[in-house]
Enquirer: 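Right, I'll just put the structure down here and ask away after.
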Amino acid sequence: MKNIVKLSLVISSLILASCSSAPKEETQTPPPAVNETTIIHAETKEPVKETKSTEVTINKDGSSFETKDGGKGTKVEVSKDKAEIIIKK
């Protein structure tokens, strides 16, 4: 008999707990943030055109040969005193 009373008390307390209406807490949502957009106009310059050139020099002291392709180049010098080769990549 005691078990039936205990069981009925547990069931009735569960029913009361589930049927009771608890006050709902309303959370306030903050207003949407204002996004400020700044537009920046950048000036564009024309790209620097790579210059391609070839230069050959021959005189009584020796000869010189030079090519240029933008930042790259080759230079060859031959004279009585020295011989020199420079390659830039």
Side-chain angles (χ1 to χ4, degrees):
M1 187 77 167
K2 288 183 181 181
N3 288 338
I4 295 175
V5 172
K6 288 180 185 178
L7 184 60
S8 65
L9 286 173
V10 170
I11 291 174
S12 64
S13 64
L14 289 174
I15 291 173
L16 288 173
S18 66
C19 292
S20 67
S21 61
K24 295 181 181 178
E25 295 180 20
E26 293 183 23
T27 57
Q28 294 181 353
T29 57
V34 177
N35 293 333
E36 294 183 16
T37 305
T38 303
I39 299 174
I40 300 174
H41 297 284
E43 294 181 21
T44 56
K45 295 181 180 179
E46 290 184 27
V48 177
K49 294 182 181 178
E50 296 182 4
T51 58
K52 295 181 180 181
S53 65
T54 302
E55 181 180 328
V56 177
T57 306
I58 300 174
N59 57 24
K60 62 181 180 180
D61 295 329
S63 62
S64 173
F65 175 78
E66 186 173 353
T67 62
K68 292 181 182 177
D69 185 12
K72 302 176 184 178
T74 305
K75 184 175 182 180
V76 178
E77 289 185 20
V78 179
S79 66
K80 293 180 184 177
D81 299 331
K82 66 178 181 174
E84 183 178 7
I85 298 175
I86 301 172
I87 301 173
K88 294 182 182 179
K89 290 187 177 186

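Heads up: numbering here begins at 1 and tracks the sequence.
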Enquirer: Of Thr57, Val78, Val76, which is the lone residue that meets side-chain contact (heavy atoms from CB on, under 4.5 Å) with Ser64?
Expert: Thr57

Enquirer: Between NZ of Lys68 and OG1 of Thr74, what distance do you get to the nearest 0.5 Å?
Expert: 12.0 Å

Enquirer: What pairs with Ile11 under side-chain contact (heavy atoms from CB on, under 4.5 Å), at least two apart in sequence or on another chain?
Expert: Leu7, Ile15

Enquirer: If I compare all heavy atoms of Ile58 with all of Ser63, which pair ends up nearest, and what's the gap?
Expert: CG1-CB, 4.0 Å

Enquirer: Could you list the residues that satisfy side chain to side chain donor-acceptor pair (under 3.5 Å) with Lys75, not counting sequence neighbours?
Expert: Glu77

